[in-house]
**Student:** 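This structure is in structure tokens; I'll ask about it shortly.
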2 protein chains.
Amino acid sequence: MPAAIRQIETVVKDRALIERRHEQICDAALRLFARKGYHQTSVREIAEAVNVSVGALYNYIKSKEDILLLVYHRIFGLFQTKMSEAMANSGGPTSQLRAAIEATLKLYDEYQDLVLVLYQESHTLRREALQQLFEVDRRYVSMVQAIIERGNREGHFVAGDSNLIAIAILFLCAVWPLKRWNLKKYDLATVTDEVANLVLHGIGGAHGLPDD
Amino acid sequence: MPAAIRQIETVVKDRALIERRHEQICDAALRLFARKGYHQTSVREIAEAVNVSVGALYNYIKSKEDILLLVYHRIFGLFQTKMSEAMANSGGPTSQLRAAIEATLKLYDEYQDLVLVLYQESHTLRREALQQLFEVDRRYVSMVQAIIERGNREGHFVAGDSNLIAIAILFLCAVWPLKRWNLKKYDLATVTDEVANLVLHGIGGAHGLPDD
DNA sequence: CTATCCTGAACGAGCGTTCAGCCATCGGGG
DNA sequence: CCCCGATGGCTGAACGCTCGTTCAGGATAG
């Protein structure tokens, strides 16, 4: 994300105020988008939730889409840091991959609604913003991909195309928020376990060399 | 679906004409929804694409949501028949599961845009229509689940919770349409192969008893 | 003439966005 | 110390547009 984030044009000068208001807007919008979706949520509703007038809101954004961007940037930042933390795990590829899956699922659990918004409303973004989103996604994938390749090289895994497998694994984690209605009877721990087992068996992590 | 489909109220009497128009509407809407999404597509556009006036369109539907329902019903019907065909495969659990995965991915490939609409716009549906959608999904899941349970029982698989695994497998297939932008360099055959291998290894289908 | 289907202008509601005016804060000159 | 203008942020009615939906009337076939 770093340099990539286009700064949102504002009317207000005070930098700290902008920051604070942006956070408030993000909070409110997140809650509303999660409940009703982007299109069904009006700018008026968001303004009300932030406790400012519509006019004031427009001092901090240039258009409604900026709000969606705010939300997305927050997601990006959050996932970026949390995932990096989890990856810092210094065990062998097997435990590292398991940690990555656990971290991803934990994140997806904590921000279920957010993931939903991510999948449902991304087609609303302009090409430029979409590219940013893709870029971030690719970064996550390449993190996981690196683990897989190391595992393959060191004989722990027998995965096929590492890029493809990494994409599949990360996508699989989204089953928890996206199919939540069908997984109500399970809890996060169960799903994490089953998914991790499926994947690790699937690429030979449980049959190959022991970790370390 | 059979009895579950709520008939859409119409003004026109001629049953055959209704049928024909509904198909036209479905065709047009599908193309438009795939390109622009449900909310960004206006009723006027759909009417134009069908080559009738807005007024005429409203003789065949009661509201815009009915159009989304038409599209969904078409998807349901299609998937229902195609999946049943693929499942009729009479080999052992391993080859049966592989066939199911292949069929699902082939379907998802053929109707990529449709799957996208399915995932992106389902939150637009009313509770009643959503229940229908869930019901259909559960039916697919239970098909796959049956295969897994048989495989477990006969010693081919060592899968954990069969329901959970079935949900995960079907979801995983959606990676192809939903992450298409990140899978451009792959073709359907490759993805099918890698996914099938991941799954079959994952639940022990390649380590357990040989098929038949 | 009647029954059936079609037309498209019109309607009302809701949307995103703007802007003329209001209020609070603050700094410097009398 | 007080006043006053200026600055910065806020308000919410108003605007223009698009949308989903309706309906009075036209066209056509039996």
Side-chain angles (χ1 to χ4, degrees), chain A residues 7-26 28-30 32-33 35-72 117 120-121 123-126 129, chain B residues 7-26 28-29 32-33 35-72 117 121 123-126 129:
Chain A
Q7 212 54 42
I8 293 170
E9 293 175 36
T10 58
V11 173
V12 174
K13 322 281 181 185
D14 186 340
R15 290 295 202 89
L17 186 54
I18 294 175
E19 194 84 10
R20 196 155 50 84
R21 285 272 190 255
H22 274 181
E23 261 185 50
Q24 293 177 305
I25 295 170
C26 205
L30 242 167
L32 289 168
F33 289 171
R35 185 148 47 84
K36 322 175 42 180
Y38 174 78
H39 290 289
Q40 282 90 339
T41 305
S42 70
V43 174
R44 269 167 257 265
E45 285 178 282
I46 298 172
E48 196 177 353
V50 181
N51 266 321
V52 293
S53 66
V54 228
L57 196 67
Y58 269 89
N59 285 338
Y60 298 95
I61 56 170
K62 212 169 52 64
S63 75
K64 190 187 177 187
E65 201 195 349
D66 278 344
I67 303 180
L68 195 57
L69 279 180
L70 275 178
V71 170
Y72 273 37
V117 173
Q120 284 171 348
E121 309 293 358
H123 64 117
T124 311
L125 296 173
R126 292 192 237 89
Chain B
Q7 213 53 43
I8 292 169
E9 294 175 36
T10 59
V11 173
V12 174
K13 321 281 182 185
D14 186 343
R15 290 293 202 88
L17 183 56
I18 293 175
E19 195 84 8
R20 195 155 50 85
R21 284 271 191 257
H22 274 181
E23 260 184 52
Q24 292 177 306
I25 294 169
C26 204
L32 288 168
F33 289 171
R35 185 148 47 85
K36 321 175 44 182
Y38 174 78
H39 290 288
Q40 282 90 338
T41 305
S42 70
V43 174
R44 270 167 256 265
E45 285 178 283
I46 298 172
E48 196 176 354
V50 181
N51 265 323
V52 292
S53 66
V54 226
L57 196 67
Y58 269 89
N59 286 338
Y60 298 95
I61 57 169
K62 212 168 54 61
S63 76
K64 189 187 178 188
E65 201 195 349
D66 279 344
I67 303 180
L68 195 56
L69 279 179
L70 274 177
V71 169
Y72 274 33
V117 173
E121 309 292 358
H123 65 116
T124 311
L125 295 173
R126 292 191 239 92

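What you see is a predicted model; the values in this text were computed from it and never measured.
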**Student:** Would A:V52 and A:Q24 satisfy side chain to side chain contact (heavy atoms under 4.5 Å, CB included), going step by step from the backbone distance to the final call?
**Tutor:** CA-CA 10 Å; A:V52 293; A:Q24 293 177 305; 5.8 Å; no
**Student:** Please report, rounded to the nearest Å, how far the P atom of D:dA14 is from the OH atom of A:Y58.
**Tutor:** 19 Å
**Student:** May I ask you to test the B:H39-A:T124 pair for a side-chain heavy-atom distance under 4.5 Å?
**Tutor:** no
**Student:** Would you check, one step at a time, whether the test side chain to side chain contact (heavy atoms under 4.5 Å, CB included) holds for A:D66 with A:Y60?
**Tutor:** CA-CA 9 Å; A:D66 278 344; A:Y60 298 95; over 6 Å; no
**Student:** Say whether, by atom type as modelled, one donor and one acceptor occur between the side chain of B:E65 and the main chain of B:R126 under 3.5 angstrom.
**Tutor:** yes
**Student:** Where the side chain of A:S63 is concerned, which of C:dT17, D:dG20, D:dT21 is the nearest nucleotide?
**Tutor:**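 Nearest listed nucleotide: C:dT17.
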**Student:** How many whole angstroms separate atom CG of B:L17 from atom P of C:dC5?
**Tutor:** 6 Å
**Student:** Grab the NZ-C1' distance between B:K62 and D:dT21 for me, whole Å please.
**Tutor:**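 It is 12 Å, rounded to the nearest whole Å.
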**Student:** Write down the distance between NZ (B:K13) and P (C:dA3), rounded to a whole number of angstrom.
**Tutor:**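 Answer to the nearest Å: 11 Å.
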**Student:** The side chain of A:V12 is closest to which nucleotide in this list: C:dG16, D:dG20, D:dG9?
**Tutor:**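 Ranking C:dG16, D:dG20, D:dG9 by closest atom to the A:V12 side chain puts D:dG9 first.
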**Student:** If you assign each of A:V43 and B:Y60 to its closest nucleotide in DNA chain C, which residue comes earlier from the 5' end?
**Tutor:** B:Y60
**Student:** Within the distance-only criterion (no hydrogens, no angle test), does the side chain of B:E121 pair as donor or acceptor with the backbone N or O of B:L68 below 3.5 angstrom?
**Tutor:** no
**Student:** Give the rounded distance in Å between these two atoms: CD1 of B:I46 and C1' of D:dT18.
**Tutor:**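 Roughly 15 Å, once rounded to whole Å.
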**Student:** Of the non-hydrogen atoms in B:V71 and B:A29, which two are nearest, and what is the gap between them?
**Tutor:**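 Taking B:V71 first and B:A29 second, the nearest heavy atoms are CG2-CB, 4.0 Å.
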**Student:** Take the protein atom CD of A:E65 and the nucleotide atom P of C:dT17, then report the distance between them rounded to whole Å.
**Tutor:**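 Atom-to-atom, A:E65 to C:dT17, this comes out as 10 Å.
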**Student:** Can you measure B:D14 atom CG to C:dC6 atom C1' for me and round it to whole angstrom units?
**Tutor:** 14 Å
**Student:** Tell me what B:T41 touches on the nucleic acid: a base, only sugar-phosphate, or nothing, going by heavy atoms under 4.0 Å.
**Tutor:**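 Since only primed, P, OP1 and OP2 atoms lie under 4.0 Å of B:T41, the category is sugar-phosphate.
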**Student:** Is any side-chain heavy atom of A:T41 less than 4.5 Å from a side-chain heavy atom of A:R35?
**Tutor:** no
**Student:** Can you check the B:L32 CG to D:dC19 P distance for me, whole Å?
**Tutor:** 13 Å
**Student:** So if I define the base as every atom that isn't primed, P, OP1 or OP2, how would nucleotides 7-13 of chain C read as a B/S/- string at a heavy-atom cutoff under 4.0 Å?
**Tutor:** BB-B---
